[in-house]
Amino acid sequence: NCYVDCGIRQSMGTGGGSLPVHNGSWRNVTMRNISLLIKPVSGICNMTCDYCFYCDEAAKREQKFYGMMSEETLKNMIRRTMLHSEGSVSYTWQGGEPTLRGLDFFRKALYLQKKYNRNHLQVINAFQTNGYGITDDWCMFFKENKFLVGVSVDGLPEIHDSIRHN
């Protein structure tokens, strides 16, 4: 079961049953665990892979790019998830290509996670990338902050390189 609060999809985990609703509002609802899948750069990417859903969709849109997540939205998202969780919060950053939002944005995310984690929740960060923009600074950041990192690879080098273009 899940619900949406200001565009944030929040997982209830297991247990079944219905959500408590106070006067038709979600404002007073807390949940044990919250897991978010976040696209801080929308569908923007530094590659144009032959099979990419986002490249295909962007080509069909009148407006191809809807902007990057603002720091204000980042702050509100983190503050609200920390407020509504009683157990853990998991942030999975993906894209497009999330490295395009820049390392300072993710440093700010960690700062905000610490600032708003008043209930001493377990906080998990995961990051899905094509790996093209990963530098030593990114690697150090991921290691120091215990990020789970997934790098997309499309098989053997000859297959991978034939369908991914930068």
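Excluded from the calculations below are hydrogen atoms, water molecules and symmetry mates; all remaining heavy atoms, backbone and side chain alike, are included.
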J.: Can you tell me how the ring of F142 sits relative to the ring of F127, calling it parallel under 30°, perpendicular over 60° and tilted otherwise?
T.: tilted
J.: Looking at S42 and M68, would you say the former's side chain and the latter's main chain have a donor-acceptor pair under 3.5 Å?
T.: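 Absent.
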J.: Between atom CD1 of I124 and atom NZ of K146, what is the distance when rounded to the nearest 0.5 Å?
T.: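 Going from CD1 on I124 over to NZ on K146, the span is 13.0 Å.
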J.: Starting from M140, can I reach L103 by hopping between I/L/V/M/F/W/Y residues whose side chains sit under 4.5 Å apart?
T.: no
J.: Within the side chain of N119, is there an N or O that forms a donor-acceptor pair under 3.5 Å with the backbone of E86?
T.: no
J.: Step by step, would you call R80 with Y116 a side chain to side chain contact (heavy atoms under 4.5 Å, CB included)?
T.: CA-CA 9 Å; R80 288 178 184 209; Y116 292 111; over 6 Å; no
J.: Give me the ring orientation class for F141 and F147: parallel if the planes are under 30° apart, tilted from 30 to 60°, perpendicular past 60°.
T.: tilted
J.: Look only at the side chain of N117 and the backbone of Q113, and say whether a donor-acceptor pair between them is shorter than 3.5 Å.
T.: no
J.: Looking only at heavy atoms, what is the nearest atom pair of P40 and Q94, with distance?
T.: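 Heavy atoms of P40 and Q94 come nearest at CD-O, 3.2 Å.
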J.: Within this structure, what is the CG-CG distance for the pair N125 and L148, rounded to the nearest 0.5 Å?
T.: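 Rounded to the nearest 0.5 Å, the CG-CG separation comes to 10.0 Å.
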J.: Go through the side-chain N and O atoms of S152 and Q128 and say whether any donor and acceptor fall under 3.5 Å apart.
T.: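 Q128 and S152 do have a side-chain donor-acceptor pair below 3.5 Å.
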J.: Taking the side chain as everything from C-beta on, heavy atoms only, tell me whether M82 gets closer than 4.5 Å to V123.
T.: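 The answer is yes; the side chains approach within 4.5 Å.
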J.: How close do E97 and V41 get, counting heavy atoms only, and between which atoms?
T.: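 Heavy-atom minimum between the residues: O-CG2, 3.3 Å.
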J.: Could you give me the CA-CA distance, side-chain angles and deciding distance for I134 and C139, then say whether side chain to side chain contact (heavy atoms under 4.5 Å, CB included) is met?
T.: CA-CA 7 Å; I134 299 296; C139 291; 3.6 Å; yes
J.: List the steps, then state whether side chain to side chain donor-acceptor pair (under 3.5 Å) holds for E72 with S70.
T.: CA-CA 5 Å; E72 183 69 18; S70 70; over 6 Å; no
J.: Looking at every non-hydrogen atom in both residues, tell me the closest pair between P98 and G96 and how far apart they are.
T.: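 Closest approach of P98 to G96, heavy atoms only: CD-O, 3.7 Å.
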J.: Checking side chain to side chain contact (heavy atoms under 4.5 Å, CB included) for the pair T129/V149: CA distance, chi angles, key distance, verdict?
T.: CA-CA 8 Å; T129 177; V149 178; 4.2 Å; yes
J.: Any chance you could measure L36, atom CG, to Y91, atom OH, to the nearest 0.5 Å?
T.: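 Answer rounded to 0.5 Å: 6.5 Å.
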J.: Starting at CG of L74, measure out to CZ of F106 and round the result to the nearest 0.5 Å.
T.: 8.5 Å
J.: Look up atom CG in L112 and atom CD in E71, then write down how far apart they are to the nearest 0.5 Å.
T.: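 It comes to 8.0 Å.
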J.: For the pair T81 (side chain) and I78 (backbone), establish whether a donor and an acceptor sit closer than 3.5 Å, ignoring hydrogens and angles.
T.: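 Indeed, once roles are kept as given, a pair shorter than 3.5 Å links the two residues.
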J.: Drop me the distance from S85's OG to N33's CG, to the nearest 0.5 angstrom.
T.: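 Going from the OG atom of S85 to the CG atom of N33 covers 6.0 Å.
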